[in-house]
There are 2 protein chains.
Amino acid sequence: MSVHRDIRSPTQDCGECPIRHRAVCARCETDELAQLEQIKYYRSYQAGQTVIWSGDKMDFVASVVTGIATLTQTMEDGRRQMVGLLLPSDFVGRPGRSAAAYDVTATTDLVMCCFRRKPFEEMMASTPHIAHRLLEMTLDELDAAREWMLLLGRKTAREKISSLLAIIARRDASLKEPRADLGAITFDLPLTREEMADYLGLTLETVSRQMSALKRDGIITLDGKRHVTIPSVDALMEETGDDSDGGFLV
Amino acid sequence: MSVHRDIRSPTQDCGECPIRHRAVCARCETDELAQLEQIKYYRSYQAGQTVIWSGDKMDFVASVVTGIATLTQTMEDGRRQMVGLLLPSDFVGRPGRSAAAYDVTATTDLVMCCFRRKPFEEMMASTPHIAHRLLEMTLDELDAAREWMLLLGRKTAREKISSLLAIIARRDASLKEPRADLGAITFDLPLTREEMADYLGLTLETVSRQMSALKRDGIITLDGKRHVTIPSVDALMEETGDDSDGGFLV
DNA sequence: GATCTGCCTTGATACAGATCAACCAAGGAA
DNA sequence: TTCCTTGGTTGATCTGTATCAAGGCAGATC
């Protein structure tokens with residue numbers, strides 16, 4: 001139990017768990033919640049499978065254990081906007097609300113754990129550090145959403161693509177050992193061109209064109225369609241339009 | 001104290017306080033927090049005055065008592081995107097974080113109350129219903145941010161303007177007595193054309209043109225530049241691109 | 001091996017909204 | 001009164017991205 005105590009400490013690794021992500025080790029947290037006997041069941045989804053349909057009851061709380069899910073809003077005429085990425089340790093659900101406004105879909109193979117609703121609410125009251133952590137996570141997501149609003153409202157297509165690549169690269173890099181040498185970074189895109197387009201408020205053609213342009217300009221290298229190498233992180237960051245001093249590894 | 005107990009009940013009026021907004025009466029909440037001796041001081045700002053500069057320390061928690069503040073992100077070359085509206089009872093601040101990524105500016109004359117940081121955190125732990133309410137508010141803001149992401153990414157200029165007018169009208173209507181007859185609604189725009197543009201990811205010229213177009217088409221009536229009348233809420237909702245069955249008064 | 005299907009690329013063209021620029025109206029100061 | 005400022009409107013033109021359309025490639029299926 002002791003390794004789980006410091007659940008809020010940033011990028012902490014318990015030393016036993018292979019998953020390490022963002023502010024907390026997801027498995028540790030899940031384990032702790034399981035020990036508190038709050039987890040009702042685990043459930044697996046295949047890539048592409050729908051977790052929640054828009055309009056479904058949302059009377060539950062669940063958390064991503066492994067894999068990636070996306071959160072999408074759709075307009076009547078079919079225009080779609082992705083509004084969130086759910087990564088390991090992220091929560092979905094809104095007990096007390098009757099309906100969801102968006103679809104949740106598995107992008108990769110996905111494992112989620114579902115909580116017992118009533119005990120969860122009691123736990124919220126009785127276990128302050130969990131309640132506090134939920135608030136912190138929600139505030140983080142709000143900050144991320146606000147950064148996306150800037151991207152969606154004011155950035156050019158090239159800046160949007162660069163920003164997305166930078167974000168994925170950063171997340172990917174944070175999973176590996178932090179290295180002094182950030183010369184080159186390589187990763188696989190977890191999204192199709194269409195999903196990227198939905199994320200960025202573009203069409204898939206524009207995404208494809210801008211990826212080609214970045215390749216032509218030497219900002220990225222493509223091996224196949226999904227495998228991306230960034231020879232110079234600095235050069236990529238130049239393209240994002242963001243303040244340059246932001247620092248790549250947070 | 002008893003009137004403040006049910007602090008989470010939706011759109012509850014304490015019967016003594018002239019301000020009624022969203023899920024809770026802001027003054028009541030502020031009063032309760034004051035009784036808990038958590039409020040450090042109140043402070044007034046004039047319209048246009050900056051509350052927090054981007055990059056300032058954010059080591060505090062504050063809440064809007066009266067007036068409206070905006071939350072804005074700015075890029076190096078001056079492109080600006082509004083990412084939030086702070087209304088009475090909304091909170092800002094993120095104790096534990098060193099710097100803010102955005103400007104907070106008073107749009108109208110503004111009164112805020114600042115909390116004692118340390119006791120606030122203790123209160124978070126010791127007063128579950130306040131912690132829970134903070135989480136609910138943050139989740140509401142996240143939902144609102146996600147709706148804006150759809151607007152910014154996928155809506156046309158006309159749909160953006162209509163959506164903004166609908167949102168302001170809805171908020172304004174919720175401040176008055178709920179009425180069966182929603183035939184016509186009248187209100188004053190709290191934003192300049194430029195602020196509207198920053199909110200919607202447009203230029204002020206496009207905002208002006210689309211306002212003129214909506215006027216020409218009889219969707220709205222303008223008296224001066226700011227005073228708006230909506231003869232038919234249904235007709236306006238048709239223009240927003242949103243699902244029509246959403247219901248105007250939530 | 002042939003065909004199919006999902007995902008991606010590239011080209012030609014259209015158009016919504018940005019940009020540049022002139023002007024207007026109201027309010028305040030001199 | 002006149003000048004000046006602030007916020008808003010409208011017109012002409014430009015341009016970035018959408019749209020429409022035609023392939024291409026790799027893995028799956030027969």
Side-chain angles (χ1 to χ4, degrees), chain A residues 46-49 70 75 77-81 105 107-108 151-165 188-217 220-228 239 241, chain B residues 46-49 70 75 77-81 105 107-108 151-165 188-217 220-228 239 241:
Chain A
Q46 291 185 320
Q49 205 176 339
T70 60
M75 291 172 70
D77 60 4
R79 280 176 281 176
R80 282 156 40 92
Q81 176 65 51
T105 312
T107 300
T108 65
L151 177 145
L152 289 169
R154 295 302 186 191
K155 286 191 178 177
T156 65
R158 176 182 259 246
E159 288 169 342
K160 286 179 178 181
I161 300 280
S162 303
S163 300
L164 178 58
L165 291 175
D188 281 307
L189 277 174
L191 304 174
T192 67
R193 296 287 185 269
E194 187 174 16
E195 287 166 336
M196 291 173 70
D198 282 345
Y199 212 143
L200 300 170
L202 298 169
T203 59
L204 68 95
E205 292 97 327
T206 300
V207 171
S208 180
R209 271 186 252 272
Q210 295 297 335
M211 290 289 285
S212 301
L214 288 175
K215 187 170 81 177
R216 192 183 328 114
D217 298 346
I220 62 173
T221 309
L222 279 177
D223 178 19
K225 286 135 190 339
R226 297 293 195 87
H227 196 75
V228 180
E239 302 291 337
Chain B
Q46 291 185 321
Q49 206 176 338
T70 62
M75 291 172 71
D77 59 5
R79 281 177 281 175
R80 283 155 39 93
Q81 176 65 52
T105 313
T107 299
T108 63
L151 178 145
L152 289 169
R154 295 302 186 191
K155 286 191 180 178
T156 65
R158 176 182 261 245
E159 288 170 341
K160 287 180 176 180
I161 301 280
S162 303
S163 299
L164 178 57
L165 291 175
D188 282 307
L189 277 174
L191 304 173
T192 66
R193 296 288 185 268
E194 187 173 17
E195 286 165 336
M196 291 172 71
D198 283 343
Y199 211 144
L200 300 171
L202 297 169
T203 58
L204 69 92
E205 292 97 327
T206 300
V207 171
S208 181
R209 269 186 252 274
Q210 294 297 335
M211 289 289 286
S212 300
L214 288 175
K215 188 169 83 179
R216 193 181 328 114
D217 297 346
I220 61 173
T221 310
L222 281 176
D223 177 19
K225 287 136 189 344
R226 298 293 195 88
H227 197 73
V228 180
E239 302 292 336

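Chain naming here is simple, since letters A, B, ... match the order of the sequence lines and numbering starts at 1 in each.
In terms of position on DNA chain C, the residue among B:Gln210 and A:Thr192 whose nearest nucleotide sits closer to the 5' end is A:Thr192. Residues A:Thr203 and A:Lys225 each lie close to DNA chain D; by heavy-atom proximity, the contact nearer the 5' end of the strand is made by A:Thr203.
Heavy atoms of B:Gly201 sit under 4.0 angstrom from primed sugar atoms or phosphate atoms, though from no base atom. Across all strands, A:Gly48 comes closer than 4.0 Å to no nucleic acid atom at all (heavy-atom distances).
The side chain of B:Ser212 lies closest to D:dT10 when the candidates are D:dT10, D:dA18, C:dT9. Counting only heavy atoms from C-beta on, B:Leu202 has its side chain closest to C:dG17 among C:dG17, D:dT9, C:dT19.
Rounded to whole Å, the distance from CD on A:Glu194 to P on C:dG6 is 12 Å. Protein atom CG of A:Leu189 is 13 Å distant from nucleotide atom C1' of C:dC8, rounded to whole Å. Residue A:Arg193 contributes atom CZ, which lies 10 Å from atom P of C:dT10 at whole-angstrom precision. Rounded to whole Å, atom C1' of C:dG17 lies 15 Å from atom CG of B:Leu152. To the nearest angstrom, C1' of C:dA26 lies 14 Å from CG of B:Asp223. The nearest whole Å value for the distance from the CG atom in B:Leu204 to the P atom in C:dT19 is 11 Å. Distance, A:Arg79 CZ to D:dT17 P: 18 Å, rounded to whole Å. Atom CG of A:Leu222 is separated from atom P of D:dG24 by 20 Å (rounded to the nearest Å).
When all heavy atoms are compared, the tightest approach of B:Gly201 to B:Lys160 is O-NZ, 3.7 Å. Residues B:Lys225 and B:Leu189 share a closest heavy-atom pair of O-CD1, 4.3 Å. Between B:Ser162 and B:Glu239, the closest heavy-atom pair is OG-CB, 3.2 Å.
Counting heavy atoms from C-beta outward, B:Gln210 and B:Leu202 have side chains that stay 4.5 Å or more apart. B:Leu152 is not listed as a side-chain neighbour of A:Gln81, based on a closest heavy-atom distance of 4.5 Å or more. In this structure the side chain of B:Thr221 never reaches within 4.5 angstrom of the side chain of B:His227, judged on heavy atoms. At least one side-chain heavy atom of B:Met75 sits less than 4.5 Å from a side-chain heavy atom of A:Lys155. Between A:Thr192 and A:Arg226, the closest side-chain pair of non-hydrogen atoms falls below 4.5 Å.
Within residues 153-164 of chain A, the residues that place at least one heavy atom under 4.0 Å from DNA chain D are, in residue-number order, A:Thr156, A:Ala157.
For A:Ser208, no side-chain nitrogen or oxygen approaches OP1 or OP2 of C:dC8 to under 4.0 Å. Here A:Thr206 does not reach the OP1 or OP2 of D:dT17: none of its side-chain N or O atoms lies under 4.0 Å away.
On a pure distance criterion of 3.5 Å, no polar donor-acceptor pair joins the side chain of B:Arg226 and the base of D:dG8. Judged by distance alone with a 3.5 Å cut-off, a donor-acceptor contact links the side chain of B:Arg209 to the base of C:dT19. Side chain A:Glu205 to base D:dC20: a donor-acceptor pair is found below 3.5 Å.
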